[in-house]
Amino acid sequence: MHAMDARSITTGLCLSLTAAVACAQWSPSAALDLGLGKAQVGINPALLSPARPSVAATSTRVIAEPALRSKAYCARHRSDPACRRAALQPRPSPAAAPQSLDFKPTAGVSQKVDREVIDDLARRNRDQWRPKLEAELRIADLKGQFVRLLRLHGRSPTNVADVLGVYLAVYWESYAGETASPAQVVALARHWRRSLKASELATRSDAQKQALAETLAWRAMLASGVVRTARVQAAPQLFVLREGMRQEVQQATGIDFARVRLGTRGFE
């Protein structure tokens, strides 16, 4: 059996994917407020819906088609049947710009996401001394751990569908207390690569895709760390944390962890 088949993703992080010092120096409290279950934290559900037609395509369809019906022949050759037949041929619609779920990352976007995540955590956890919280998070290199996790499963950190698939796998493990196999992780990523090709998300800029991907990376690693602490300590917050994760995923994707299981074809 493959080594990753026998250990969970989140447990394996501290054992094989990151330096021991990083995991040792950041032990999140089970009471850390991550904003789990809050609407619009993480994924905006509208981004996963089918893309709306562009203004150009809509205007072409509304304006050009009536013109074609009202003048079905060439003005210079009104009596020429061949010209009339040619004029009746449908006009090709403008080609849609190819959409991609890949993005080119920039340091500026990363810095902005990091700042927003840390600001949000500090605002939600005023009992924490912000400089210490920020230092521990940066030392733990949570985004770096998530990138290594993606690459371990052959996924790309610059493809937002791959990031979403692994985010869901990490959340599922934390919620269910189960282990996601490499095949299940890959199935989730492939599902979202197919599903999001024609989504609103695929039409967004590289900066917007990167911001979403890195926000999901932060949330996956923060939530898994806090839930892991709660399980080890048998903390009463565990139920609230699990329910918050379930609500966050359901609000964003429509997937209800309480009603599905993770199989080799994804959530079933």
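- Under the ring-ring contact (aromatic ring centres under 6.0 Å, His included) criterion, no residue pair touches residues 105-134, with sequence neighbours excluded.
- Applying the side-chain contact (heavy atoms from CB on, under 4.5 Å) rule to Ser199 yields the partners Leu196, Leu201, Ala202; only residues at least two apart in sequence or on another chain are considered.
- With sequence neighbours excluded, the residues that form a side-chain contact (heavy atoms from CB on, under 4.5 Å) with Ala31 are Ser29, Gln237.
- Here Thr203 pairs with nothing under the side-chain hydrogen bond (donor to acceptor under 3.5 Å, both in side chains) rule; sequence neighbours left out.
- Taking a cutoff of 4.0 Å between a charged side-chain nitrogen and a carboxylate oxygen, Lys209 and Asp102 do not qualify as a salt bridge.
- Residues Ser110 and Gln210 have side chains that bring a donor and an acceptor to within less than 3.5 angstrom of each other.
- Annotation: ring-ring contact (aromatic ring centres under 6.0 Å, His included) contacts involving residues 229-259, sequence neighbours excluded, comprise Trp172-Phe257, Tyr175-Phe257, Phe257-Phe267.
- Salt-bridge check for Asp33 with Arg126: failed, with every basic side-chain N at 4.0 Å or more from each acidic carboxylate O.
- By the side-chain contact (heavy atoms from CB on, under 4.5 Å) test, Thr264 pairs with no residue at all, sequence neighbours left out.
- Arg130 pairs by the salt bridge (charged side-chain N to carboxylate O under 4.0 Å, His left out) definition with Asp119, Glu134, not counting sequence neighbours.
- Annotation: salt bridge (Lys or Arg N to Asp or Glu O under 4.0 Å) contacts involving residues 180-193, sequence neighbours excluded, comprise Asp162-Arg193.
- Applying the side-chain hydrogen bond (donor to acceptor under 3.5 Å, both in side chains) test to Gln111 and every residue at least two apart in sequence or in another chain returns nothing.
- With Gln233 contributing its side chain and Ala30 its backbone, the two residues share no donor-acceptor pair below 3.5 Å.
- Listed by chain and number, the residues in a side-chain contact (heavy atoms from CB on, under 4.5 Å) with Asp256 are Arg246, Gln250, Ala258, Arg259 (sequence neighbours excluded).
- The salt bridge (charged side-chain N to carboxylate O under 4.0 Å, His left out) search around Arg123 returns Asp120, not counting sequence neighbours.
- With sequence neighbours left out, the ring-ring contact (aromatic ring centres under 6.0 Å, His included) criterion links Phe103 to no other residue.
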